[in-house]
Amino acid sequence: MVLIDARASDHPVVYVNPAFEAMTGYSAAELTGRNLRLLQADDREQDARHRLRDALSRGETCRVLLRITAKTAACFGTK
C-alpha cells in the first residue's frame, strides 16, 4: 500500500508499507515525497492513469489497476 497527498500539486507519496517496498524494490525513503509516475517508466499513456487523474482533480475516490515497473524493471499491475 502506498498513500499520496492528493491535495499537493504533484501528489507526493506520504506513506509506503513494507509489502509495497518488497513488491517494487523501492524503499519508503526513495519514494516518500516523490510522484509515483517514476514507477510507470515509459508506460504513462494508460486509460486507468487518466481516470485516476480525472477523479483526483474532481476530489472523488477512484480505484484503478495500473501497470508499474519495479526497480528490477519487472512490469506488473497494482491497484
Spacing of NZ belonging to K71 relative to CG belonging to L39, to within rounding of 0.5 Å: 11.0 Å
Donor-acceptor pair, side chain of E60 and main chain of A55, under 3.5 angstrom: no
Euclidean distance, L36 CG relative to D10 CG, rounded to 0.5 Å: 10.0 Å
Gap between atom OG1 of T61 and atom CG of L56 - 0.5 Å precision: 10.0 Å
Taking every non-hydrogen atom, the tightest pair across A70 and M23: CB-O, 4.0 Å
Check: M1 main-chain N/O paired with N17 side-chain donor or acceptor under 3.5 Å: yes
Contact check, side chains of V13 and F20, non-hydrogen atoms, under 4.5 Å: no
Step-by-step side-chain contact (heavy atoms from CB on, under 4.5 Å) determination, Y26 to L38: CA-CA 11 Å; Y26 287 95; L38 76 107; 3.8 Å; yes
D47 side, atom CG; L65 side, atom CG - distance, nearest 0.5 Å: 11.5 Å
Side-chain heavy-atom pair R49, L66 within 4.5 angstrom cut-off: yes
Where V64 and R51 come nearest, the two heavy atoms and their spacing: CG1-NH2, 4.0 Å
Crowding at CZ, R7 (>12 non-hydrogen neighbours, <6.0 Å): no
Inter-residue atom distance R58.CZ - R53.CZ, 0.5 Å rounding: 10.5 Å
